[in-house]
Amino acid sequence: MSAVLFDFSGTLFRIESTDSWLRAVVEDAGLALPEAELAGYARALEEVGALPGGTKSVRVPEELAQVWSVRDESAEAHRAAYTGLSRLVELPDPALHDALYERHMQPAAWSPYPDAAEVLGALKERDVRIAVVSNIGWDLRPVFRAHGLDRLVDAYILSFEHGVQKPESKLFAIACGALGVEPRSAVMVGDDRRADGGAAALGCRVHFVDHLPVAERPDGLRPLLGFVG
């Protein structure tokens with residue numbers, strides 16, 4: 001293997017909890033909510049699957065079904081899909097819905113997995129080419145820069161920039177082309193067996209990790225070092 005394609009959310013980084021996400025936005029808005037009320041709103045948002053980057057399987061209302069199906073193909077669709085879900089919850093200030101969406105794109109909302117820097121660094125030392133291949137509706141490069149990992153990534157292949165989302169093989173082909181490698185020489189690492197598993201159709205090897213909280217997955221990426229490079 002001479003190249004690794006990494007998923008973003010649940011693979012290299014994990015987004016903050018729904019409680020932390022909501023709490024940060026409420027505090028920024030200068031609102032004072034009782035703890036029980038704040039916890040109730042957080043539970044409601046989690047129930048509808050409004051937190052982008054989360055793991056919850058979402059039952060999307062019929063009126064959002066179309067935009068949800070293409071949510072990662074454009075920035076506009078992504079925002080509409082996720083703010084549409086959050087608006088299913090009646091928050092104390094309607095402006096919080098857009099504020100929540102803005103919050104999830106901030107580097108402070110994301111934490112790298114404990115072994116992410118170690119594994120990316122070790123791969124670079126072995127001259128392994130690295131790409132981030134993500135179904136996403138916004139530019140995640142600032143997240144990598146803020147956490148000091150941008151220098152370890154050779155290419156970012158983001159679905160909204162190409163109008164195609166995983167598991168379609170085109171996105172993986174674009175990534176291999178950007179790295180200058182044949183698919184059979186690359187491994188796709190991700191947490192979603194359907195989306196990330198689409199790389200197998202192109203001839204890439206696929207390695208899965210568990211989408212767990214950061215504290216519960218200290219070394220999920222390290223096995224890569226045993227068969228790459």
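Any value given below was found using the heavy atoms of this structure, including those in side chains, with hydrogens, waters and symmetry copies removed.
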Go through Tyr82 and His78 one step at a time and tell me if the ring pair (Phe, Tyr, Trp, His ring centres under 6.0 Å) criterion holds. CA-CA 6 Å; Tyr82 282 103; His78 194 271; 4.8 Å; yes

Go through it in stages, so that I can follow the logic: the residues are Leu120 and Lys124, the test is side-chain contact (heavy atoms from CB on, under 4.5 Å), and I'd like the CA-CA distance, side-chain angles, deciding distance and then a yes or no. CA-CA 6 Å; Leu120 289 174; Lys124 292 298 289 182; 5.6 Å; no

Would Ser9 and Trp110 count as a side-chain contact (heavy atoms from CB on, under 4.5 Å) here? Give the steps. CA-CA 9 Å; Ser9 176; Trp110 296 89; 3.7 Å; yes

Run the salt bridge (Lys or Arg N to Asp or Glu O under 4.0 Å) check on Glu102 and Arg79 step by step: do they pass? CA-CA 9 Å; Glu102 294 298 326; Arg79 180 182 285 271; 2.4 Å; yes

Any chance you could lay out the side-chain contact (heavy atoms from CB on, under 4.5 Å) test for His211 and Arg14, step after step, and finish with the verdict? CA-CA 8 Å; His211 191 144; Arg14 168 83 181 213; 2.9 Å; yes

Can you list the steps and then say if Arg87 with Asp98 is a side-chain contact (heavy atoms from CB on, under 4.5 Å)? CA-CA 9 Å; Arg87 287 189 173 93; Asp98 283 318; 3.4 Å; yes

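In this structure, the side chain of Trp21 engages the main chain of Leu100 through a donor-acceptor pair within 3.5 Å. Side-chain atoms of His104 do not come within 3.5 Å of backbone N or O of Leu51 as any donor-acceptor pair. Listed for the Asp115 side chain is a donor-acceptor partner under 3.5 Å among the backbone atoms of Arg222. Under the 3.5 Å distance criterion, the side-chain polar atoms of Trp68 are left unmatched by any main-chain donor or acceptor of Glu62. Looking at Tyr101, its side chain never comes within 3.5 Å of a backbone N or O of Ala80 through a donor-acceptor pair. Side chain of Asp154 to main chain of Ile130: a donor-acceptor pair is present (N/O by atom type, distance under 3.5 Å, no hydrogens or angles). Side chain of Ser169 to main chain of Ala201: no donor-acceptor pair is present (N/O by atom type, distance under 3.5 Å, no hydrogens or angles).
A continuous path of hydrophobic side-chain contacts links Val48 to Ile15 [ILVMFWY only; heavy atoms under 4.5 Å]. Grouping the Ile, Leu, Val, Met, Phe, Trp and Tyr side chains by contacts below 4.5 angstrom, directly or via other members, places Val132 apart from Phe208. One hydrophobic cluster, built from ILVMFWY side chains closer than 4.5 Å, cannot hold both Val206 and Val187; they sit in different ones. One hydrophobic cluster holds both Leu45 and Leu38 under the rule that ILVMFWY side chains link at heavy-atom gaps under 4.5 Å. Hydrophobic clustering (ILVMFWY, side-chain heavy atoms < 4.5 Å, transitive): Phe227 and Leu179 are in distinct clusters.
Here the rule is side chain to side chain contact (heavy atoms under 4.5 Å, CB included) with Tyr41, and of Leu96, Val26, Leu91 only Leu91 fits it.
Taking all atoms of both residues into account, the shortest heavy-atom contact from Arg217 to Thr11 is NH2-O, 2.7 Å. Residues Val181 and Ser2 share a closest heavy-atom pair of CG1-OG, 3.9 Å. In terms of heavy atoms, Ala175 sits closest to Leu5 at CB-CD2, 4.0 Å. Of all heavy-atom pairs between Ala42 and Thr18, the closest is O-CG2, 3.4 Å. Contact record, Val189 with Val209: CG1-CG1, 4.2 Å, taken as the closest heavy-atom pair. Looking at every heavy atom in both residues, Asp196 comes nearest to Asp191 through OD2-N, 3.1 Å.
With respect to the salt-bridge test (charged N to carboxylate O, under 4.0 angstrom), the residues Arg141 and Glu161 qualify. Between Lys166 and Asp192 there is no salt bridge, since no side-chain N of the basic residue sits under 4.0 Å from a carboxylate O of the acidic one.
Rounding to the nearest 0.5 Å gives a distance of 7.0 Å between CG of Leu171 and CD1 of Ile157. Note that CZ of Phe172 and CE of Met188 are 5.5 Å apart. Values are rounded to the nearest 0.5 Å. To the nearest 0.5 angstrom, Ser111 atom OG is 8.0 Å from Glu16 atom CD. Interatomic distance, CG of Leu12 versus OG of Ser134, reported as 9.5 Å (0.5 Å rounding). Between Leu225 atom CG and Leu123 atom CG the span is 5.5 Å, to the nearest 0.5 Å. In this structure, His207 NE2 and Asp7 CG are separated by 12.5 Å, a value rounded to the nearest 0.5 Å.
Atom CD of Glu37 sits in a crowded spot, with more than 12 heavy atoms from other residues, nucleotides or ligands closer than 6.0 Å. Taking a 6.0 Å sphere around CZ of Arg184, one finds it holds 12 or fewer heavy atoms contributed by other residues, nucleotides or ligands. For Glu90, the CD atom sits in a loose shell: 12 or fewer heavy atoms of surrounding residues, nucleotides or ligands are nearer than 6.0 Å.
Between Phe8 and Phe13, the ring-plane angle classifies as tilted under the 30° and 60° cut-offs.
Contact annotation: the side chain of Val119 never approaches that of Tyr113 to less than 4.5 Å [non-hydrogen atoms, C-beta and beyond].
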